[in-house]
Each structure stands twice: as C-alpha cells, then as structure tokens.
Amino acid sequence: MKQKLESITQPDDAFPTYDEAIWTTVGYIPKGKVATYGYIAALAGFPRTARAVGRALSKLPDNTTIPWFRVINAKGVISFPIGSEKYGCQKQKLLNENIVLYNGKINLKRYHWEI
DNA sequence: GCGTTGACGGCGG
DNA sequence: CCCGCCGCCAACG
C-alpha cells in the first residue's frame with residue numbers, strides 16, 4: 001500500500017478495484033473522526049456512489065483493521081437498524097473514540113473528517 | 001441486457 | 001425536525 005494522501009484527491013486508476021479504493025480511503029479517517037458515505041465516495045474518486053460504499057464495506061471480514069465504523073450517513077446516523085447487533089457494535093466502537101451520539105445522532109459539525 | 005437491491009443523498013412538504 | 005419520493009450506481013440473478 002504505497003498510496004499517499006494525494007492519491008485520494010487524484011485517484012485516476014490508482015487502485016485496481018472500486019472496493020480497494022473505498023477501503024483504502026476509509027483507512028485514512030483519523031481516530032476520533034467520522035466521514036459520510038458520500039464523502040468517502042468522492043475522496044476515493046467515485047462521486048455519487050455513496051450506496052456502493054456501504055456495499056463495499058459489507059464485504060470486509062469481521063477481523064478487519066479498516067475503521068469501517070467511522071463511516072456514517074449524511075444525517076449523522078448509524079446506518080443499521082436501531083437495536084440490531086451491528087448497530088450496537090458500531091456505536092460502541094465510536095464511543096471508544098469519544099465520539100458520542102445525541103439522540104442517536106452524531107454531531108457532524110464537530111466530528112466529521114475534513115481534508 | 002434487464003430488473004432488483006441496498007451500511008445513500010438531497011430536496012420538497 | 002420528520003417523512004417520503006426520487007435520483008444514483010455497482011453488484012447479482
């Protein structure tokens with residue numbers, strides 16, 4: 001993985017596959033910060049593919065080191081059914097980084113990652 | 001090729 | 001602020 005930050009903004013076939021591009025980009029989200037699906041898609045070089053980002057993340061193995069839990073939707077909400085195991089898992093990982101939810105929502109003004 | 005399916009986004013009501 | 005509708009787009013059957 002020799003890709004550097006600059007390649008995030010200028011992807012041009014910098015990655016072999018769409019999934020690789022997404023996973024790598026997600027890996028750049030700093031601890032304590034979050035990013036929306038659409039934002040990740042744009043940085044990876046595939047604007048308007050927010051939905052596909054979720055699909056790509058769903059392919060990750062359970063033991064992955066990629067911080068998939070730092071990706072939330074544009075409303076600042078975890079994109080899993082409230083109360084589901086996945087939901088609780090993601091919420092816990094975020095809390096571990098001091099990212100708090102207020103009424104189920106994360107304050108994007110405060111926690112969203114900006115390049 | 002075509003219709004369906006999502007860990008989505010934005011806008012209007 | 002909370003829906004709901006519609007647009008988007010990569011997989012999958």
Side-chain angles (χ1 to χ4, degrees):
Chain A
M1 145 108 51
K2 48 188 187 161
Q3 298 311 329
K4 299 176 255 23
L5 220 51
E6 55 182 32
S7 67
I8 305 185
T9 51
Q10 284 202 354
D12 294 357
D13 61 79
F15 302 99
T17 70
Y18 176 85
D19 289 345
E20 282 288 327
I22 298 304
W23 295 335
T24 302
T25 304
V26 169
Y28 288 122
I29 306 175
K31 181 179 181 182
K33 289 289 182 180
V34 298
T36 62
Y37 293 90
Y39 192 71
I40 292 299
L43 285 184
F46 298 90
R48 297 183 299 289
T49 64
R51 306 193 73 146
V53 169
R55 189 181 43 65
L57 294 183
S58 71
K59 296 179 181 177
L60 290 170
D62 297 331
N63 58 22
T64 184
T65 59
I66 300 209
W68 55 268
F69 55 88
R70 293 180 186 142
V71 184
I72 60 178
N73 65 36
K75 304 183 206 62
V77 173
I78 290 176
S79 296
F80 281 123
I82 310 166
S84 67
E85 188 179 352
K86 295 274 194 80
Y87 182 94
C89 175
Q90 183 168 8
K91 178 179 178 181
Q92 184 56 61
K93 288 180 177 297
L94 291 174
L95 288 176
N96 290 338
E97 301 189 346
N98 292 318
I99 296 173
V100 300
L101 285 72
Y102 186 70
N103 282 104
K105 289 176 298 186
I106 290 167
N107 186 330
L108 294 180
K109 291 294 183 188
R110 177 174 171 183
Y111 298 106
H112 197 277
W113 175 41
E114 301 298 341
I115 290 289

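Labels below follow one simple rule: chain letters A, B, ... track the order of the sequence lines, proteins then strands, and each chain is numbered from 1. Here the structure is a predicted model, which means the values were calculated and not measured.
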Novice: Please list every stem that involves DNA chain C, where a stem is a run of 3 or more consecutive Watson-Crick or G-U wobble pairs with both pairing distances under 3.5 Å.
Specialist: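 For DNA chain C the paired stretches long enough to count as stems (3 pairs minimum) are B:2-6 with C:9-13, B:8-13 with C:2-7.
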
Novice: Of the listed nucleotides (B/dC8, B/dA7, C/dC2), which one gets closest to any side-chain atom of A/Ala50?
Specialist: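 In terms of side-chain proximity for A/Ala50, the closest of B/dC8, B/dA7, C/dC2 is B/dC8.
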
Novice: Return no unless some side-chain N or O of A/Arg48 is found under 4.0 Å from OP1 or OP2 of C/dC9.
Specialist: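 It does, given that an N or O in the side chain of A/Arg48 lies less than 4.0 Å from OP1 or OP2 of C/dC9.
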
Novice: Is there side-chain contact between A/Leu94 and A/Phe69, with at least one heavy-atom pair below 4.5 Å?
Specialist: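 With C-beta onward as the side chain, the pair touches.
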
Novice: Do the side-chain N or O atoms of A/Ser58 get closer than 4.0 angstrom to the phosphate oxygens (OP1, OP2) of B/dA7?
Specialist: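 The answer is no; no side-chain N or O of A/Ser58 sits under 4.0 Å from OP1 or OP2.
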
Novice: Between A/Arg51 and A/Asp19, just flag the one whose closest nucleotide in DNA chain C comes earlier from the 5' side.
Specialist: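 Residue closer to the 5' terminus by nearest nucleotide: A/Arg51.
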
Novice: Heavy atoms from C-beta onward define the side chain here; which of C/dC9, B/dG9, C/dC1 lies closest to that of A/Thr49?
Specialist: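 Of the candidates, C/dC9 comes closest.
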
Novice: Is A/Glu97 salt-bridged to A/Arg70, cutoff N-O under 4.0 Å?
Specialist: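 Yes, A/Glu97 and A/Arg70 are salt-bridged.
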
Novice: Is it true that a side-chain atom of A/Trp23 and a backbone atom of A/Ala56 form a donor plus acceptor pair closer than 3.5 Å?
Specialist: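 Yes; at least one donor-acceptor contact below 3.5 Å.
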
Novice: May I ask you to test the A/Val71-A/Tyr37 pair for a side-chain heavy-atom distance under 4.5 Å?
Specialist: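 Yes - at least one pair of side-chain heavy atoms lies under 4.5 Å apart.
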
Novice: A/Ala74 has a side chain; which of B/dA7, B/dG10, C/dC1 sits nearest to it?
Specialist: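 Among the listed nucleotides, the one closest to the side chain of A/Ala74 is B/dG10.
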
Novice: Give the rounded distance in Å between these two atoms: CD of A/Glu20 and C1' of C/dA10.
Specialist: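 It is 16 Å, rounded to the nearest whole Å.
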
Novice: Could you check how far NZ of A/Lys86 sits from P of B/dG6, rounded to whole Å?
Specialist: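 The distance from NZ of A/Lys86 to P of B/dG6 comes to 12 Å, rounded to the nearest Å.
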
Novice: On a plain distance test, is the side chain of A/Tyr18 in donor-acceptor contact with the base of C/dA10 below 3.5 Å?
Specialist: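 Per atom types, no contact qualifies.
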
Novice: Is it true that the side chains of A/Ser79 and A/Tyr87 contain a donor and an acceptor less than 3.5 Å apart?
Specialist: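 Note: A/Ser79 and A/Tyr87 side chains miss the donor-acceptor criterion.
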
Novice: Expressed as a whole number of angstroms, how long is the span from A/Ile78:CD1 to B/dA7:C1'?
Specialist: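 One finds 11 Å between C1' of B/dA7 and CD1 of A/Ile78, rounded.
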
Novice: In this structure, how many angstroms lie between the P atom of C/dA10 and the CH2 atom of A/Trp23, rounded?
Specialist: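 Taking CH2 of A/Trp23 and P of C/dA10, I get 16 Å after rounding.
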
Novice: Of the options B/dG9, C/dC9, B/dC8, whose atoms approach the side-chain atoms of A/Ser79 most closely?
Specialist: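 Closest nucleotide among those given: B/dC8.
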
Novice: Does a side-chain N or O of A/Lys75 approach OP1 or OP2 of C/dC1 to a distance below 4.0 Å, or not?
Specialist: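 Answer is no, no contact under 4.0 Å.
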
Novice: Other residues, nucleotides and ligands only: do more than 12 of their heavy atoms fall within 6.0 Å of CD on A/Glu85?
Specialist: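 At most 12 heavy atoms, drawn from other residues, nucleotides or ligands, come within 6.0 Å of this atom.
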
Novice: Quick one: does A/Thr64's side chain have a donor or acceptor within less than 3.5 Å of a partner on A/Pro61's backbone?
Specialist: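 Looks like no, no N/O pair under 3.5 Å.
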
Novice: What nucleotide, of C/dC1, C/dA10, B/dA7, holds the atom closest to the side chain of A/Phe80?
Specialist: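 The answer is B/dA7.
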
